[in-house]
Protein chains: 2
Amino acid sequence: MKPTTASAARQYPCAKCPLQGFPHLQPHEKEEVSFLSEFKTGELVADAGTTVLVEGANSAHLFTVLSGWGFRYKTLEDGRRQILNYVLPGDLIGLQGSIMKEMAHSIEALSPMILCVFQRDKLPNLFRSFPNLAYDITWIASREEQMLDEILLSVGRRTAMERAAYLFAFLFQRAKSVGMVKTNKLIIPLKQQHVADTLGLSIVHTNKTLKKLSVRGALRWLDRGCEVLDENVLLEMSKWQGLPATPRPYI
Amino acid sequence: MKPTTASAARQYPCAKCPLQGFPHLQPHEKEEVSFLSEFKTGELVADAGTTVLVEGANSAHLFTVLSGWGFRYKTLEDGRRQILNYVLPGDLIGLQGSIMKEMAHSIEALSPMILCVFQRDKLPNLFRSFPNLAYDITWIASREEQMLDEILLSVGRRTAMERAAYLFAFLFQRAKSVGMVKTNKLIIPLKQQHVADTLGLSIVHTNKTLKKLSVRGALRWLDRGCEVLDENVLLEMSKWQGLPATPRPYI
DNA sequence: CGCTAATTTGAAGGTACTCAAGCTTCGTGG
DNA sequence: CCACGAAGCTTGAGTACCTTCAAATTAGCG
């Protein structure tokens with residue numbers, strides 16, 4: 001299923017970017033906004049379940065997530081899948097494909113997503129003309145690495161319960177930082193198979209672990225999704241100190 | 001144990017950088033070399049076992065590895081350790097600390113290391129004056145992410161045997177790309193505890209897994225180190241396709 | 001030559017996996 | 001409106017993998 005491009009109708013001009021104004025996201029200078037307006041070539045709307053970027057592809061695009069949930073993953077030949085990280089509004093995706101020859105992972109939408117599309121061949125121009133934006137991109141790449149480090153620590157060294165608690169605490173905090181948490185609760189559009197493939201567990205064991213979390217009141221499983229109910233229980237169970245509160249750049 | 005700075009005696013001027021000339025590393029332009037000469041503030045020699053960078057520290061430095069082996073790791077409060085990746089000649093370390101507020105992982109030397117030291121506060125200047133070098137840094141950050149993706153896939157979804165085989169195939173190929181493999185064999189200065197903390201396994205099970213690998217002739221365990229004997233057996237056992245052969249930038 | 005650190009081995013137990021079947025929910029079509 | 005099928009969630013049983021505990025062996029280092 002190919003995603004539909006909606007480049008003709010540009011719902012969100014950069015000056016009215018829906019990402020503006022979140023206290024956790026750093027605002028842009030005026031000149032930067034006008035450059036980004038040209039860097040941006042359109043918008044992409046992807047339905048839930050759509051593969052936005054495919055491993056091995058030499059994609060001509062670079063995206064910033066404007067709304068919705070997605071995930072990055074890799075698979076082995078025999079089909080075993082590992083979810084590497086999730087993507088939320090404000091995240092830059094496809095940088096690997098733009099900088100190196102090709103993507104080494106795929107990205108799929110968990111919910112309907114709106115993406116801001118950039119033309120990858122203008123990236124060298126960005127580096128030449130806007131060193132601050134180039135610095136921001138490197139910042140974003142470093143942040144991704146930092147998240148991966150913590151996820152790897154989790155999968156390698158935390159118990160199944162700690163891992164699960166960490167995952168939901170992590171997603172809750174990330175969602176909160178971009179205004180997706182309203183009444184201290186959050187619904188994440190996941191199947192249990194996604195959770196299993198994130199934690200490196202079987203689906204059966206994942207189910208039993210999630211049940212324990214819900215008994216403790218940390219979350220509740222819905223049809224096709226998970227409602228996070230108690231961030232503090234999750235933080236405590238995972239022995240995780242939480243995300244830094246510093247604002248981050250976006251493109 | 002503090003590492004000793006040897007900034008007075010600069011063994012390796014940039015024009016005679018020991019990393020030059022490897023077919024897997026991209027050469028620099030003349031102007032870049034002269035800029036890097038100023039960006040470089042000295043050299044650091046670290047003994048095996050030295051902690052080069054500490055989690056939580058706000059290090060003023062950024063390093064490129066000139067020689068030796070090291071590893072990046074994170075720990076949980078109760079001491080459980082996860083090795084995230086290894087660092088080899090040509091690798092840039094400390095970028096996270098330079099770009100963001102502080103380091104979220106530590107780095108320790110596995111063998112004696114020589115590091116090229118850069119002053120972090122000159123980094124914005126690099127972005128302003130040498131966009132190509134800035135692009136290279138982003139390239140390097142993307143490569144680190146790509147390696148982490150594969151390692152996470154391994155820890156999350158490969159069996160103990162596949163994981164171990166992947167690890168040694170991976171380290172063998174990386175070492176080969178910077179001329180550390182002479183006669184198709186390589187000695188990696190590891191303890192089994194390092195292997196265990198990389199694979200997310202206990203030391204006992206790691207030992208039994210390594211024994212199976214050595215029975216198959218893939219490697220041999222030495223005192224305080226591992227000799228990799230057969231890359232092809234490892235590649236086959238791990239179901240891994242190997243690293244791309246494209247040359248990469250370094251700073 | 002003895003001490004310490006690292007590796008090796010065996011045994012017992014727990015965690016997580018596979019297999020298998022039942023249940024719930026939702027969408028579709030008769 | 002209800003029957004039906006498909007997809008996802010849940011549960012139980014048996015097994016395999018991996019862990020912990022404990023002790024023996026080996027390998028440097030002074």
Can I get a per-line list of side-chain donor-acceptor pairs under 3.5 Å for residues 62-71 of chain B, giving both atom names and the distance, sequence neighbours left out?
{"unit_1": "B:Thr64", "atom_1": "OG1", "unit_2": "B:Ile251", "atom_2": "O", "d": "2.9"}

Looking at every strand, decide which applies to B:Ile203 at a 4.0 Å heavy-atom threshold: base, sugar-phosphate, or nothing.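 Here B:Ile203 touches no strand at all.
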_Please classify the nucleic acid contact of B:Gly225 as base, sugar-phosphate, or nothing, using heavy-atom distances under 4.0 Å._
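Nothing, no heavy atom under 4.0 Å.
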Margin query: Tell me whether A:Glu227 at atom CD has more than 12 heavy atoms from other residues, nucleotides or ligands lying less than 6.0 Å away.
Written below: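 Counting neighbours around CD of A:Glu227, more than 12 heavy atoms of other residues, nucleotides or ligands fall under 6.0 Å, so yes.
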If you only use heavy atoms from C-beta on, which nucleotide in [options] is closest to the side chain of [X]?
{"X": "B:His205", "options": "D:dC9, C:dT18, D:dT19", "result": "D:dT19"}
{"X": "A:Ser202", "options": "D:dC18, D:dT10, C:dC17", "result": "C:dC17"}
{"X": "B:Arg163", "options": "C:dC17, C:dT25, D:dC18", "result": "D:dC18"}

Does [N] have its OP1 or OP2 closer than 4.0 Å to a side-chain nitrogen or oxygen of [X]?
{"X": "B:Asn207", "N": "C:dT8", "value": "yes"}
{"X": "B:Lys208", "N": "C:dG10", "value": "no"}
{"X": "A:Gln192", "N": "D:dT10", "value": "yes"}

Which whole-number value in Å describes the distance from [X] [atom1] to [N] [atom2]?
{"X": "A:Leu201", "N": "D:dC18", "atom1": "CG", "atom2": "P", "value": "13 Å"}
{"X": "B:Arg80", "N": "D:dT19", "atom1": "CZ", "atom2": "P", "value": "12 Å"}
{"X": "A:Lys212", "N": "C:dA16", "atom1": "NZ", "atom2": "C1'", "value": "10 Å"}

Rounding to 10°, can you tell me the angle the first-five-pair axis of the helix from C:dC1-D:dG30 to C:dA21-D:dT10 makes with its last-five-pair axis?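 That helix gives 40° between its end axes.
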Quick check: on DNA chain D, is the nucleotide nearest A:Val204 upstream (toward 5') of the one nearest A:Arg157, or the reverse? Name the residue that is more 5'.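 Checking each residue's closest nucleotide, the 5'-ward one belongs to A:Val204.
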> Could you go step by step and tell me if A:Glu43 and A:Leu115 meet the side-chain contact (heavy atoms from CB on, under 4.5 Å) rule?
Replying inline: CA-CA 6 Å; A:Glu43 283 158 18; A:Leu115 302 162; over 6 Å; no
Problem - A:Glu150 and A:Arg158 ion-paired at < 4.0 Å - result: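 So A:Glu150 pairs with A:Arg158 through a salt bridge.
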**Nearest-nucleotide comparison on DNA chain C, the residue closer to the 5′ end among A:Asp223 and A:Thr159** =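 Residue closer to the 5' terminus by nearest nucleotide: A:Thr159.
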* With A:Tyr73 as reference, evaluate A:His105, A:Glu108, A:Glu55 under the side-chain contact (heavy atoms from CB on, under 4.5 Å) test and give the passing residue. =>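 Among the candidates, only A:Glu108 passes.
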Going by heavy atoms in the side chains, are A:Leu234 and A:Phe170 under 4.5 Å from each other?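 Not in contact.
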| said: Keeping B:Asp47 on the side-chain end and B:Thr50 on the backbone end, is there a donor-acceptor pair under 3.5 Å? | reply: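 Between the backbone of B:Thr50 and the side chain of B:Asp47 there is no qualifying donor-acceptor contact (under 3.5 Å).
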